[in-house]
Amino acid sequence: MGEGHSKSHASELPPLLPKPWREINWGDNRSVLQFVKNYKPHVEGQHIRILLYGPAGAGKSSFINSVQSILRGRMYTQALADNIGHDSFTKRYTTYKIQKEDPQSFYPFVFSDIMGLEPIKGVDVDDVKLALKGRVMDGYRFNPESKLSEDDQFYNNSPDDNDKVHVLVCVVPANTVSQMNYKIVRKIRDIRMEASALDIPQVAIVTKIDEACPEIKEDLQNVYKVKYMKEKMEQISIQVGIPMKSIFPVKNYHDEINLNSDIDSLILSAMTHIITAGEDHVNFKKNQSGCSGTCA
């Protein structure tokens, strides 16, 4: 069973707060959808690379598919996801571009999907660090026993700005937060330290929120009213060090056959923050390089 409400916990705390602790614009997603669709980096030819990482089975690939579905206006599956196994389903470093209505045009942000973190096996932390720097080429098959070597054909010796990661997104399932293995937590912290050294902004996506709370399963709009969910987000913040303002609960599309406005609202809220963080990072790096040698 998952880590949903216990009867004793539910009796100690009111299941719903009188008002949401975070505001979100439910129902009308037109403006935020247009922001995502119309986003264009200030730097010509630049795209925002979003690297997803986290425990195996957390929903990284499903999040990519959910974003694609919203932008395409229909259910869409490109990143393969697994609903049965507990090991990582993703084995290769894969970049997903999202096509616009024009078949020759793509949105100026891409997702990089990697093998999941596991206590013993899973993706090698050093490989994730190399990916942050743009050193891992598309198609590289992860080997839990050893990291990518410089003489490997998938090692990028000359990464450009578009190869490097601009936003690091940690994907964590809400229904197993308290049970997350300490070795996985340590790996997440290790990766975060490297990203911080590279000035890469970091966001956390909390998935499977409907499996963690019956009140949320009944009505997604309860997500910021359920005290239990806020506690789970605070727990993630304490465990891995990502501030609450950068943690976003979402429900990925799973068994739905049609788009749902409330699911879209949560995912678009997260995507807006991710894109903005990536844009700020690109501009910061550009200003740094432009200032080099001229700023005292």
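The first residue in the sequence is number 1, and the count goes up from there. Hydrogens, waters and symmetry mates are skipped; everything else that's a heavy atom, side chains included, is used.
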Under 3.5 Å donor-acceptor, Asn222 side chain and Glu215 backbone: yes

So does Asp113 get a backbone contact from the side chain of Thr94, meaning a donor-acceptor N/O pair under 3.5 Å? no

Does Lys100 count as lying over the ring of Tyr107, i.e. NZ or CZ under 6.0 Å from the six-ring centre, within 45 degrees of the axis? yes

Please say yes or no: joined through hydrophobic side-chain contacts below 4.5 Å, possibly via intermediate residues, are Phe106 and Leu71 part of one cluster? no

The reported gap from OG in Ser146 to CG in Asp127 (rounded to nearest 0.5 angstrom) is 7.5 Å

Donor-acceptor pair, distance only, cut-off 3.5 Å: does the side chain of Asn29 make one with the backbone of Ser261? yes

Do you reckon Tyr155 sits in the same ILVMFWY cluster as Met137, going by side-chain contacts under 4.5 Å, direct or chained? yes

Establish whether Val171 and Met244 are linked, either directly or via other cluster members, by ILVMFWY side-chain heavy-atom contacts under 4.5 Å. yes

Can you name the closest pair of heavy atoms from Phe142 and Tyr93 and give their distance? CE1-N, 3.3 Å

Short question: side chain of Arg135, backbone of Asn156 - any donor-acceptor pair under 3.5 Å? yes

Rounded distance [0.5 Å steps], OH in Tyr39 versus NE2 in His47: 10.5 Å

For Leu117 and Ile184, the nearest pair of non-hydrogen atoms, with its separation, is O-CD1, 3.8 Å

Using a 3.5 Å distance criterion without hydrogens, assess whether the side chain of Glu256 forms a donor-acceptor pair with backbone atoms of His254. yes

Which heavy atom of Leu220 sits nearest to which heavy atom of Trp26, and what is that distance? O-CH2, 3.7 Å

How long is the straight-line distance from CD1 of Ile247 back to NZ of Lys230, given to the nearest 0.5 Å? 12.0 Å

Are any side-chain N or O atoms of Thr95 and backbone N or O atoms of Ser112, one a donor and one an acceptor, separated by less than 3.5 Å? no

Would you mind telling me which of Val223, Val226, Val250, Asn175 makes a side chain to side chain contact (heavy atoms under 4.5 Å, CB included) with Ile209? Val223

Between the SG atom in Cys170 and the CD atom in Gln202, the distance rounded to the nearest 0.5 Å is 9.0 Å

Do any N or O atoms from the side chain of Asp28 and from the backbone of Ser31 form a donor-acceptor pair under 3.5 angstrom? no

I'd like to know if Asp262 and Lys251 make a salt bridge, using a cut-off of under 4.0 Å between side-chain N and carboxylate O. no

Distance-minimising heavy-atom pair for Gly122 and Met115: C-SD, 3.8 Å

Look at the side chain of Arg49 and the backbone N and O of Asn162, then say whether any donor-acceptor pair between them is shorter than 3.5 Å. yes

Got a salt bridge between Glu194 and Lys133, using NZ or NE/NH1/NH2 to carboxylate O under 4.0 Å? yes

Non-hydrogen side-chain atoms of Ile242 and Val203 separated by less than 4.5 Å: no

Are the side chain of His42 and the backbone N or O of Glu279 linked by a donor-acceptor pair below 3.5 Å? no

Grouping I, L, V, M, F, W and Y whenever their side-chain heavy atoms are under 4.5 Å apart, do Leu17 and Met233 come out in a common cluster? yes

Do Ile216 and Tyr224 belong to the same hydrophobic cluster, where Ile, Leu, Val, Met, Phe, Trp and Tyr are linked whenever their side-chain heavy atoms lie under 4.5 Å apart, directly or via other members? yes

Distance-minimising heavy-atom pair for Met229 and Ala174: CE-CB, 4.0 Å

Quick one: does any side-chain atom of Ser66 pair with a main-chain N or O of Ser62 as donor and acceptor, under 3.5 Å? yes

Given Lys129 and Asp190, is the salt bridge (charged side-chain N to carboxylate O under 4.0 Å, His left out) satisfied, shown in steps? CA-CA 9 Å; Lys129 293 179 180 181; Asp190 192 5; 3.0 Å; yes

